[in-house]
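First comes the structure, then the notes that go with it.
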Amino acid sequence: MTLNEIAKKMCARGKGILAADESTGTIAKRFKSINVENLEKNRLNFRQALFSSSAMKDCIGGVILFDETIRQKTTIGSSIPELISKHGAIPGIKVDKGAKALAGSNNETVTEGLDGLRERLKEYYELGARFTKWRAVYKISNEFPSSQSIKSNAHALARYASLVQEAKMVPIVEPEVLMDGFHTIDKCYQVTTDVLNECYNELEIHKVDLKGTVLKPNMVIPGTDCKDKCSSEEIAKKTLDCLKKNVPSIVPGIAFLSGGQSEIESTKNLNEINKINDSNFLITFSYGRGLQASALREFGKNQDNILNIQKAFNHRARMNGLSSKGEWSEDLEKETAA
Ligand code: 13P
């Protein structure tokens, strides 16, 4: 498959991406919230339950893994990438080494992980990965994001993407403007515009073939503490407008992060975006919390009840599959949940 074909398969109509690439530290927080010990076997059991779910085949085009998971074996001895491929999805891998304090800025980060990346990519390809992810993070406040943060993160994202294509994999480019803060939706629109512009400038300089990439952006949404709440219709309109103006139209797929929205919010907003999507982009989800929160709660209630964990995951995956076509509704949500 060409990189363009892989990107289109990851974001195929009715499908999206399962972001199961929480680092050991991040999944520790998720497990703490459900009183589960953060052991390797618990991480494997939870993820194996998700990757063996029946909704994988119809609703999931790709799964993003963490370094530990791509090396694990299932209880019947196959590798995790084999399990994912068997269910019709493409295995992918998070390759960044996390957001680290940005020297010269008092409270911002730059994502690290370029050293030795070429060698790590070769190994991940051999382990079965066909796409990768790198996440840059931007804060909004009166002083942030600084142009230093916008430029340094875009530069790193582009160097990453170029190395990934050299290794014959599709880079997911993830510039995440965080939801935390009091900012309005218009401020988020403006910051997302600046961030996307700088990313596509750098991607061009680094000769990245955009046809073989997937963008993973935030939605254009008010800050969590903003007084002015917005309807899904307004979020959809501003998000689509921002993407159409700032993302080159040859990018095949755009897969949103959920970023702390609830499961229903993230489904509803994606659905509204697809209802009005008149662009060439395949627009879908690449959710972590947005796909896993209910399944995680079931895992916390009884780790051995695989059927209940899968039931919760199947439901969320199906609802998001529908919203990737603009066919979800609150009635369907309730009927299917019942
Ligand atoms: P959330 O959907 O939980 O934001 O996670 C997506 C992700 O992969 C962040 O990098």
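- Using a 4.5 Å cut-off on side-chain heavy atoms (C-beta onward), S54 and Q310 make no contact.
- When all heavy atoms of D186 and K238 are compared, the closest pair comes out as OD1-NZ, 3.1 Å.
- Between F46 and F299, the two ring planes are tilted [angle within 30° to 60°].
- In this structure, CG on N107 lies 5.0 Å from CZ on F144, to the nearest 0.5 angstrom.
- A salt bridge does not link E108 with K100: none of the charged nitrogens is closer than 4.0 Å to a carboxylate oxygen.
- Clustering ILVMFWY residues whenever any of their side-chain heavy atoms sit less than 4.5 angstrom apart, transitively, puts Y200 in the very cluster that holds F281.
- Between H315 and E333, the side chains place a donor N or O and an acceptor N or O closer than 3.5 Å (distance only, hydrogens not considered).
- Note that CG of L65 is 5.0 Å distant from CZ of F51, once rounded to the nearest 0.5 Å.
- Here the side chains of L243 and L215 are in contact, with some heavy-atom distance below 4.5 Å.
- Counting only residues at least two apart or on different chains, the side chain to side chain donor-acceptor pair (under 3.5 Å) pairs with a member in residues 77-91 are T74-S78.
- Using a 4.0 Å cut-off between charged nitrogen and carboxylate oxygen, E298 and K301 count as a salt-bridge pair.
- Listed here is the closest heavy atom pair of S323 and T267: CB-O, 3.4 Å.
- The existence of a salt bridge linking D278 and K244 is confirmed by a sub-4.0 Å separation between a basic side-chain nitrogen and an acidic carboxylate oxygen.
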Can you list the steps and then say if T132 with Y160 is a side-chain hydrogen bond (donor to acceptor under 3.5 Å, both in side chains)? CA-CA 10 Å; T132 65; Y160 141 81; 2.8 Å; yes

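- With sequence neighbours excluded, no residue forms a side-chain hydrogen bond (donor to acceptor under 3.5 Å, both in side chains) with S162.
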Yes or no on side chain to side chain contact (heavy atoms under 4.5 Å, CB included) for N42 and N38, after CA distance, side-chain angles and deciding distance? CA-CA 7 Å; N42 293 343; N38 189 22; over 6 Å; no

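- R130 places a side-chain N or O within donor-acceptor distance of the main-chain N or O of Y125, the cut-off being under 3.5 Å.
- Under the 3.5 Å distance criterion, with hydrogens and angles disregarded, a donor-acceptor pair is assigned to the side chains of N4 and K8.
- The same ILVMFWY cluster, assembled from side-chain heavy atoms under 4.5 Å apart, contains both I60 and L270.
- Side-chain atoms of N320 come within 3.5 Å of backbone N or O of R316 as a donor-acceptor pair.
- Checked by atom type and distance alone, the side chain of T109 never pairs as donor or acceptor with a backbone atom of A99 at under 3.5 Å.
- R43 pairs in a salt bridge (Lys or Arg N to Asp or Glu O under 4.0 Å) with only one of the listed residues (E22, E37, E68), which is E68.
- Checked by atom type and distance alone, the side chain of D241 never pairs as donor or acceptor with a backbone atom of K237 at under 3.5 Å.
- Side-chain polar atoms of D228 and T184 form no donor-acceptor pair below 3.5 angstrom.
- Of the possible polar contacts, one joining the S53 side chain to the A49 backbone as a donor-acceptor pair under 3.5 Å is found.
- Contact between S258 and S266 at its shortest, heavy atoms only, is CB-CB, 4.0 Å.
- Partners of F313 under the ring pair (Phe, Tyr, Trp, His ring centres under 6.0 Å) rule, at least two apart in sequence or in another chain, do not exist in this structure.
- Rounded to the nearest 0.5 angstrom, K15 NZ and K57 NZ are separated by 7.5 Å.
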Give the C-alpha distance, both sets of side-chain angles, the deciding distance and a yes or no for side-chain hydrogen bond (donor to acceptor under 3.5 Å, both in side chains) between T224 and D180. CA-CA 5 Å; T224 331; D180 308 78; 5.0 Å; no

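- Of the possible donor and acceptor atoms, one in the side chain of Q148 sits under 3.5 Å from a partner among the backbone N and O of A103.
- A donor-acceptor distance shorter than 3.5 angstrom exists from the side chain of T239 to the backbone of V220, with no hydrogens or angles considered.
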In sequence, state the C-alpha distance, the side-chain angles, and the governing distance for K268 and E265, and then conclude on salt bridge (Lys or Arg N to Asp or Glu O under 4.0 Å). CA-CA 5 Å; K268 188 172 179 189; E265 269 177 311; over 6 Å; no

Pair V63-L50, side chain to side chain contact (heavy atoms under 4.5 Å, CB included): steps then yes or no: CA-CA 10 Å; V63 179; L50 303 185; over 6 Å; no

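- Taking the side chain as every heavy atom from C-beta outward, R120 and D67 never approach each other to under 4.5 Å.
- No donor-acceptor pair under 3.5 Å is formed between the side chain of K9 and the backbone N or O of I90.
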Derivation and outcome, side chain to side chain contact (heavy atoms under 4.5 Å, CB included), residues T213 and V251: CA-CA 7 Å; T213 64; V251 171; 4.3 Å; yes

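- A salt bridge is defined here as a Lys NZ or Arg NE, NH1 or NH2 lying under 4.0 Å from an Asp or Glu carboxylate O, and E174 with K94 fails to meet this definition.
- The backbone N or O of T69 lies less than 3.5 Å from no partner atom in the side chain of R47, so there is not a single donor-acceptor pair.
- Two residues are said to be in side-chain contact when any heavy atoms from C-beta on lie closer than 4.5 Å; L102 and S152 meet this criterion.
- Across every non-hydrogen atom of N274 and K325, the tightest pair is CB-C, 4.1 Å.
- Cluster annotation: L163 and L3 are assigned to distinct hydrophobic clusters (Ile/Leu/Val/Met/Phe/Trp/Tyr, side-chain heavy-atom contacts under 4.5 Å, transitive).
- Between V173 and P175 the shortest heavy-atom distance is O-CD, 3.3 Å.
- Atom CD1 of I250 is separated from atom CG of L210 by 4.5 Å, given to the nearest 0.5 angstrom.
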Could you walk me through whether N280 and S249 satisfy the side-chain hydrogen bond (donor to acceptor under 3.5 Å, both in side chains) test, starting with their C-alpha distance in whole Å, then the side-chain angles of each, then the deciding distance to 0.1 Å, before giving a yes or no? CA-CA 7 Å; N280 287 329; S249 61; 4.8 Å; no

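- Atom-to-atom distance recorded for F66:CZ and K133:NZ is 11.0 Å, nearest 0.5 angstrom.
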Could you please spell out the steps behind the side chain to side chain contact (heavy atoms under 4.5 Å, CB included) verdict for L296 and F31? CA-CA 8 Å; L296 196 67; F31 278 6; 3.9 Å; yes

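- A donor-acceptor pair is defined here as one N or O able to donate and one able to accept, closer than 3.5 Å; no such pair exists between the side chain of N277 and the backbone of L240.
- One finds the CE atom of M169 at 10.5 Å from the NZ atom of K122 (value rounded to the nearest 0.5 Å).
- Judged purely by distance below 3.5 Å, without hydrogens or angles, the side chains of N269 and Q261 pair a donor atom with an acceptor atom.
- The hydrophobic cluster containing M1 does not contain Y124, counting ILVMFWY residues as joined when their side-chain heavy atoms lie under 4.5 angstrom apart, directly or transitively.
- Note: the hydrophobic cluster containing V177 also contains L196 (ILVMFWY, side chain heavy atoms under 4.5 Å, direct or indirect links).
- Closest approach of L117 to G113, counting heavy atoms only: CB-O, 3.7 Å.
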